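Here the structure comes first, spelled out in structure tokens, and everything after it is commentary.
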Amino acid sequence: MKEMSPLEEIRHSAAHVLATAVLRLYPDTQLDIGPPTDAGFYYDFDSQIPFSPEVLQQIEEEMRKVIKENQRFERQEASREEAVSIIKEMGQTTYKLGRLDDIPEGETISFYRNGEFIDLCAGSHVTYTKKIKAFKLLHVAGSYHRGDSSQKQLQRIYGTAFASKEELTQHLERLEEAKKRDHRVIGKDLGLFHIDEQVGQGLVLWKPNGAIIRQELEGFITEQLNKQGYSQVYTPHIGKLDLYRTSGHFPYYQDSQYPPIIHRECLDELAKEGCTCSELSNKLEKGEIDGYLLKPMNCPMHIRIFKSEQHSYRDLPIRLAEFGTVYRWEQSGELNGMTRVRGFTQDDAHLFIREDQLQEEVQGCLSLVKLVFSTLGMDDYRIRVSLRDPESDKYVGAVEAWDKAEAALREAVKTLGVNYEEELGEAAFYGPKIDFVVKDVIGREWQLGTVQVDYNLPERFDLSYVGSDNKDHRPVMIHRAPFGSMERFCGVLIEHFGGNFPTWLAPEQVRILPMNDELLPYAETCLHQLKAKNIRAGIDKQSAKLGAKIRRAETDKIPHMIVIGKREAEEGKISLRSRSNPELDGPHSIEATVGLIAEEISSKSLPKSRKPSS
RNA sequence: GCCCAUGUAGCUCAGUCGGUAGAGCGCGUCCUUGGUAAGGACGAGGUCGGCGGUUCAAAUCCGCUCGUGGGCUCCA
């Protein structure tokens, strides 16, 4: 049994109080489980009554009463037989008996009692309910019993609890603050992207400002690709079903693909025959009719490029890169802003290598991912090394090859000099992988950069190169994407910066604020000088007071403001107000300003101040 | 896909007991020409997500549907 921290004890106890209150109000309720979590606690209930917000309030009221009664938490150990009878006495047989069965033979079975309520529970708990100084029920959500979608769906009540009211208030305020950083909110405010009902769920429209950010990021990657010996390619958005039959993506992953595109004549023919839907999908699977698939992955296309020529061992590694857009039919409930979508562009590349090059190449890929993260100041990520489960037989390729690959990944990740976790059984069926995982503002984790070894596709496509022994050899493939997908990465990036992008990424890098219309010609002169250096700049020509223009530029999160008044125009200077680097504030010549900003852009400096935006 | 919630102007939201719509921001015009986070006046803008039902009457009640949010399941 794991010792619980004091905070976990409070939360765990709050979960029991929640169950106590629910049973008082709705005695017919069947309880499942109620553990503490990172940010609070939950309890799963099976109840006829839908827990609406009003009901939730009543439950919260009842919980307050329970706490006020200052019930004592008492531990009680029981034999298996006693445990069964306690559960039966409580009338909680539906789920609790199953939970009891989960406890291995020989382990202590314990219950915790508070007031009239008793629950199968390993502990631990606070001593009295009054120790729960501050709690709040947050929301209700559906959840499957044992996390299995074929099981009954229960109602999960989420809440949080703290040792003091102040901490609770702070926590709730932080949640409010986090909501303001939500990429969906900022994306709308700053005109970065739009997801349109009529275009389709999970299909991102990049608006002009968002497109600039994406172009800058793609440019950054392209620069690195050129340095590191990659070749960029372009491939189409659809390919024949046969291609994906060979790769195994069709029909194996059919559920998460847009349905195939079938030629009109073929459809007419089938209609004449009175072909049913299931017959059609049968024929598609068997390959009796062909069609096209919106590509769910870029690899098969890159593989066909590799295979279009003969390769010598001297040519390897061959590194094919593409910003390749793929389409996957994600479940509707899973879609989320830009972080989970149905069409997305991977900053993809496939490396065709000799086995002896594996470690070096993985290392190269990892250092690229690391460079991306450090350039953007994203240091709050975790690295997950996903290995195979030695017990399972779902994996392709020889065990020796896996061992080598896993060893190579381990060695490569060690050279990064960062912490990482190994997770058994998390590998893809075709090879082990390393993922960079980042949290969003609400604490949800998203996989961004990824490096994966693949033994499967070279086999399926019968890839080969000619070795020094003049014989054919099978290359190994590496899939890698430093950003993962442009959509998800931008979503996370928006939240990371809270919209205050470093100047090199900012859609509008400089805004000129003339005090009045007479100064417009001078403002235009300054604008030309900025634009001559490829600096994205604009002039606020609105008839408004300076304060209002500054406010607008601040809320638009423009890195640099150039204020122009009579004084500046007479002296041939400008007055800089900079949110990305307040050290630069003050009067400068326009030439010096252009130089400073151009330097900031080319060095990809991170913002120096993080003023919270209003 | 499933559970719950939700959908009113470009955005954020109000709209009581069912009596056919309101604010702020933004936008437009005019006035104002200013010194580091909001000057002022006037004006335009809505088939209340869509379809159907109940009703003399529906933004409001009911059903279906589409979208969104929070979870669950999933993520090659």
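Hydrogens, waters and symmetry mates play no part in the numbers below; they use all other heavy atoms, side chains included. Letters A, B, ... mirror the listed sequences (proteins, then strands); counts begin at 1. What you are looking at is a predicted structure, and each value in this text was computed from that prediction instead of being measured.
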Quiz item: Choosing from rG35(B), rA76(B), rA37(B), which nucleotide comes nearest the side chain of I550(A)?
Solution: rA37(B)
Self-check item: Phosphate OP1/OP2 of rA37(B): any R577(A) side-chain N/O under 4.0 Å
Solution: yes
Quiz prompt | Sugar-phosphate, base or nothing in reach of Q257(A), heavy atoms under 4.0 Å | solution = base
Quiz prompt | R340(A) side-chain proximity, nearest of rC74(B), rG71(B), rG35(B) | solution = rC74(B)
Self-check item: Under 4.0 angstrom between R328(A) side-chain N/O and rA76(B) OP1 or OP2
Solution: no
Quiz item: Do Q201(A) and S332(A) meet the criterion of a side-chain donor-acceptor pair at a distance under 3.5 Å?
Solution: no
Quiz item: Would you say R146(A) reaches rC72(B)'s phosphate, i.e. side-chain N/O to OP1/OP2 under 4.0 Å?
Solution: no
Quiz item: Which base, if any, makes a Watson-Crick or G-U wobble pair with rC75(B), both distances under 3.5 Å?
Solution: none
Quiz item: Heavy atoms under 4.0 Å, any strand shown: does E568(A) hit a base, just sugar-phosphate, or nothing?
Solution: base
Practice problem: Specify whether Y258(A) and Y327(A) have parallel, tilted or perpendicular ring planes, treating 30° as the upper limit for parallel and 60° as the lower limit for perpendicular. | Solution: perpendicular
Quiz prompt | Complementary nucleotide of rC11(B), counting Watson-Crick and G-U pairs under 3.5 Å | solution = rG24(B)
Quiz item: Relative to F162(A), does R11(A) satisfy both conditions: NZ or CZ under 6.0 angstrom from the six-membered ring centre, and within 45 degrees of the ring's axis?
Solution: yes
Quiz item: For R184(A) and rG70(B), is the shortest distance between a side-chain N/O and OP1 or OP2 below 4.0 Å?
Solution: yes
Self-check item: Watson-Crick or G-U wobble partner of rG34(B), both distances under 3.5 Å
Solution: none
Quiz item: Can a donor-acceptor pair under 3.5 Å be found between the side-chain atoms of Y144(A) and the base atoms of rG1(B)?
Solution: yes
Self-check item: P spacing across the pair rC27(B) / rC17(B), given as an integer number of angstrom
Solution: 37 Å
Practice problem: Consider the side chain of V563(A), meaning its heavy atoms from C-beta on, and name the nucleotide among rU36(B), rA76(B), rG34(B) that approaches it most closely. | Solution: rU36(B)
Quiz prompt | Atom P, compared across rG46(B) and rA9(B): separation rounded to whole Å | solution = 11 Å
Which protein N or O atoms sit under 3.5 Å from an N or O of nucleotides 23-32 of chain B?
{"unit_1": "rU32(B)", "atom_1": "N3", "unit_2": "S543(A)", "atom_2": "OG", "d": "3.0"}
{"unit_1": "rU32(B)", "atom_1": "O4", "unit_2": "S543(A)", "atom_2": "OG", "d": "3.0"}

Practice problem: Once you apply the 3.5 Å cut-off to both distances, tell me the Watson-Crick or G-U wobble partner of rC17(B), or none. | Solution: none
Quiz item: What closest approach, in Å, do P432(A) and A427(A) show between heavy atoms, and which atom pair accounts for it?
Solution: CA-CB, 4.0 Å
Exercise. Tell me what Y252(A) touches on the nucleic acid: a base, only sugar-phosphate, or nothing, going by heavy atoms under 4.0 Å.
Key: nothing
Quiz item: Should Q331(A) be listed as having a side-chain N or O under 4.0 Å from OP1 or OP2 of rC75(B)?
Solution: no
Practice problem: Would you mind pulling out the nucleotide paired to rU29(B), Watson-Crick or G-U wobble, both distances under 3.5 Å? | Solution: rA41(B)
Practice problem: Looking only at side-chain atoms of H249(A), point me to the closest of rG39(B), rC72(B), rA76(B). | Solution: rA76(B)
Exercise. Determine the interatomic distance between C1' on rG69(B) and the same-named atom on rC62(B); round to the nearest Å.
Key: 24 Å
Quiz item: Considering only the C1' atoms, how many Å lie between rG22(B) and rG15(B), rounded to the nearest integer?
Solution: 7 Å
Practice problem: Please test I383(A) against L366(A) for side chain to side chain contact (heavy atoms under 4.5 Å, CB included), starting from the C-alpha separation and ending with a verdict. | Solution: CA-CA 10 Å; I383(A) 295 181; L366(A) 287 179; over 6 Å; no
Quiz item: Given that both distances must come in under 3.5 Å, which nucleotide forms a Watson-Crick or G-U wobble pair with rC61(B)?
Solution: rG53(B)
Quiz item: What interatomic distance, in whole Å, is found between C1' of rG24(B) and the corresponding atom of rG71(B)?
Solution: 33 Å
Quiz item: According to the interplanar angle, ranging from 0 to 90°, do the rings of F306(A) and F352(A) count as parallel (below 30°), tilted (30 to 60°) or perpendicular (above 60°)?
Solution: parallel
Quiz item: Any side-chain N or O of R579(A) under 4.0 Å from OP1/OP2 of rA37(B)?
Solution: no
Practice problem: For the pair F429(A) and Y252(A), name the ring-plane relationship: parallel under 30°, tilted 30 to 60°, perpendicular over 60°. | Solution: perpendicular
Quiz item: Once the angle between the rings of H302(A) and H350(A) is folded into 0 to 90°, is it parallel (under 30°), tilted (30 to 60°) or perpendicular (over 60°)?
Solution: perpendicular
Heteroatom pairs (N/O) under 3.5 angstrom, protein to nucleotides 3-14 of chain B:
{"unit_1": "rC3(B)", "atom_1": "O4'", "unit_2": "Q153(A)", "atom_2": "OE1", "d": "2.7"}
{"unit_1": "rC3(B)", "atom_1": "O2", "unit_2": "G142(A)", "atom_2": "N", "d": "3.0"}

Quiz prompt | Nucleotide of rG1(B), rG34(B), rA76(B) approaching N516(A) most closely (side-chain heavy atoms) | solution = rG34(B)
Practice problem: Would you mind classifying the nucleic acid contact of G547(A) as base, sugar-phosphate or nothing, using non-hydrogen atoms under 4.0 angstrom? | Solution: sugar-phosphate
Quiz item: Do you see a donor-acceptor pair shorter than 3.5 Å between the side chains of D585(A) and S578(A)?
Solution: no
Exercise. Scan every strand shown for a Watson-Crick or G-U wobble partner of rA5(B), both distances under 3.5 Å, and answer none if you come up empty.
Key: rU68(B)
Quiz item: If you check the Y253(A) side chain, which of rA76(B), rC72(B), rA37(B) turns out closest?
Solution: rA76(B)
Quiz prompt | Partner of K433(A) by side-chain contact (heavy atoms from CB on, under 4.5 Å), out of Q452(A), E426(A), R480(A) | solution = Q452(A)
Exercise. Please state whether the phosphate of rA76(B), meaning OP1 or OP2, lies under 4.0 angstrom from any side-chain nitrogen or oxygen of N456(A).
Key: no
Quiz item: Looking only at N and O atoms, is any donor in the side chain of E330(A) or the base of rG1(B) less than 3.5 Å from an acceptor on the other one?
Solution: no
Quiz item: With sequence neighbours excluded, what pairs up with Y43(A) under the ring-ring contact (aromatic ring centres under 6.0 Å, His included) test?
Solution: F45(A)
Quiz item: Should D148(A) and R146(A) count as an ion pair when the cut-off is N to O under 4.0 Å?
Solution: no
